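First up is the structure itself, then whatever we jot down about it.
Treat the numbers as computed from the prediction; the structure is a model and nothing was measured. Counting starts at 1 for both ligands and their atoms, in listed order. All heavy atoms count here, side chains included; hydrogens, waters and symmetry mates do not. This chain uses plain numbering: 1 for the first residue, then up along the sequence.
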Amino acid sequence: MTRIITAQPLTRENFAPFGDIIDTAGAGHFPINAGKCIRHHDLARVETAGDNARTLISIFRGTPYDFPLQLTMVERHPLGSQAFMPLSQNPFLVIVCPDTPNGPGTPQAFLTAPGQGVNYPRGRWHGVLTPIGAPQDFLVVDRGGDGTNLEEFVFPEPYEIRLTEGPVA
Ligand SMILES: NC(=O)N[C@@H](O)C(=O)O
Ligand code: NI
């Protein structure tokens, strides 16, 4: 029996147990530069741990996935956080799992609003970057340094991730 997960709109509230939303809406902010700029401040917590740890800023050019998506694997970064900020207005798919003593729990799928980004805290199980419908660039802030910062978990049975309720065309 295929386990089906339908994506829900990403909100600060529903994503709060899993990580940070990077978005101006609802963010703390204040004027700088003599009022010519608004700083939306401290939106996400960057974590870098382990030997010679440092913060990396990269651009990922992601290829879109077909849907419904067969989710076979999730991963996590035990030594650092990972933030994805889209450089275009296309929504993308965010998949996270709670942690359990036996590994990742049931995936939760979220559809971002245009321009919304996310930050996964260190150790948070997540699906890999998943653009929708077109190639998309993302600014990525994560951890470099010594040691292994990638742990993968392959599900015994894949989950089917859908973007909307109802029959699949
Ligand atoms: N491997 C890599 O840098 N990207 C993944 O961690 C990902 O979450 O997409
Ligand atoms: Ni990752």
Side-chain angles (χ1 to χ4, degrees), residues 3 5-12 14-23 43-163:
R3 298 173 295 181
I5 308 270
T6 302
Q8 56 186 304
L10 182 68
T11 68
R12 289 184 187 280
N14 64 22
F15 196 66
F18 300 106
D20 309 299
I21 277 191
I22 304 173
D23 191 356
L43 301 181
R45 181 172 171 203
V46 179
E47 299 167 288
T48 58
D51 293 339
N52 298 312
R54 65 192 184 92
T55 302
L56 305 178
I57 293 181
S58 309
I59 290 178
F60 285 22
R61 179 157 294 167
T63 299
Y65 286 73
D66 295 329
F67 288 89
L69 176 76
Q70 296 301 311
L71 181 72
T72 60
M73 182 275 290
V74 288
E75 61 168 44
R76 65 180 175 180
H77 309 296
L79 298 177
S81 57
Q82 189 173 50
F84 293 92
M85 189 61 192
L87 299 181
S88 64
Q89 289 298 302
N90 275 8
F92 67 103
L93 186 70
V94 171
I95 295 172
V96 288
C97 302
D99 196 17
T100 79
N102 302 315
T106 303
Q108 305 284 313
F110 298 96
L111 188 62
T112 66
Q116 254 176 357
V118 292
N119 180 57
Y120 305 128
R122 63 185 286 200
R124 173 71 63 231
W125 291 109
H126 58 277
V128 297
L129 178 63
T130 308
I132 300 168
Q136 191 171 12
D137 286 358
F138 293 77
L139 189 77
V140 177
V141 180
D142 58 7
R143 181 264 186 199
D146 297 349
T148 301
N149 191 29
L150 175 63
E151 183 181 352
E152 295 178 331
F153 181 92
V154 178
F155 292 112
E157 291 291 326
Y159 289 86
E160 180 170 293
I161 311 293
R162 296 182 180 180
L163 295 180

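- With ligand atoms numbered from 1 in the order given, ligand 1 contributes 6 (O) to contacts under 4.0 Å with heavy atoms of H77.
- Among protein heavy atoms, atom 7 (C) of ligand 1 sits closest to E75 OE2, 3.3 Å.
- The nearest protein atom to atom 3 (O) of ligand 1, hydrogens excluded, is given as F60 CZ, 3.5 Å; this is a heavy-atom distance.
- Results of the side-chain hydrogen bond (donor to acceptor under 3.5 Å, both in side chains) test with R76 over E151, E152, Q82 single out E151 as the only residue that passes.
- Interface atoms of ligand 1 facing F84, defined by a heavy-atom separation under 4.0 Å, are 7 (C), 8 (O), 9 (O).
- Atoms of ligand 1 lying under 4.0 Å from any heavy atom of H126, numbered from 1 in the order shown and given with element: 8 (O).
- Judged by distance alone, with hydrogens and angles left aside, the side-chain atoms of R12 form a donor-acceptor pair with the main-chain N or O of D23 at under 3.5 Å.
- At a heavy-atom cutoff of 4.0 Å, ligand 1 is contacted by no atom of Y120, backbone or side chain.
- Looking only at distances, no side-chain donor or acceptor of H126 sits under 3.5 Å from a matching main-chain atom of V96.
- For the pair V128 and ligand 1, the shortest N or O to N or O distance does not fall below 3.5 Å.
- Here CD1 of I57 is found 10.0 Å from CG of D142. Values are rounded to the nearest 0.5 Å.
- A salt bridge is defined here as a Lys NZ or Arg NE, NH1 or NH2 lying under 4.0 Å from an Asp or Glu carboxylate O, and D99 with R124 fails to meet this definition.
- In this structure, atom 9 (O) of ligand 1 lies nearest to the protein heavy atom L129 N, 3.0 Å.
- Within the 2.8 Å limit, D142 places no N, O or S atom next to the Ni ion (ligand 2).
- By the definition of a contact as any protein heavy atom under 4.0 Å away, atom 1 (N) of ligand 1 is not in contact.
- One finds no salt bridge joining E47 and R122 here, because no Lys/Arg side-chain nitrogen approaches an Asp/Glu carboxylate oxygen to under 4.0 Å.
- The nearest N/O/S atom of H126 to the Ni ion (ligand 2) is NE2.
- Residue contact annotation: Q82 places an N/O/S atom under 2.8 Å from the Ni ion (ligand 2).
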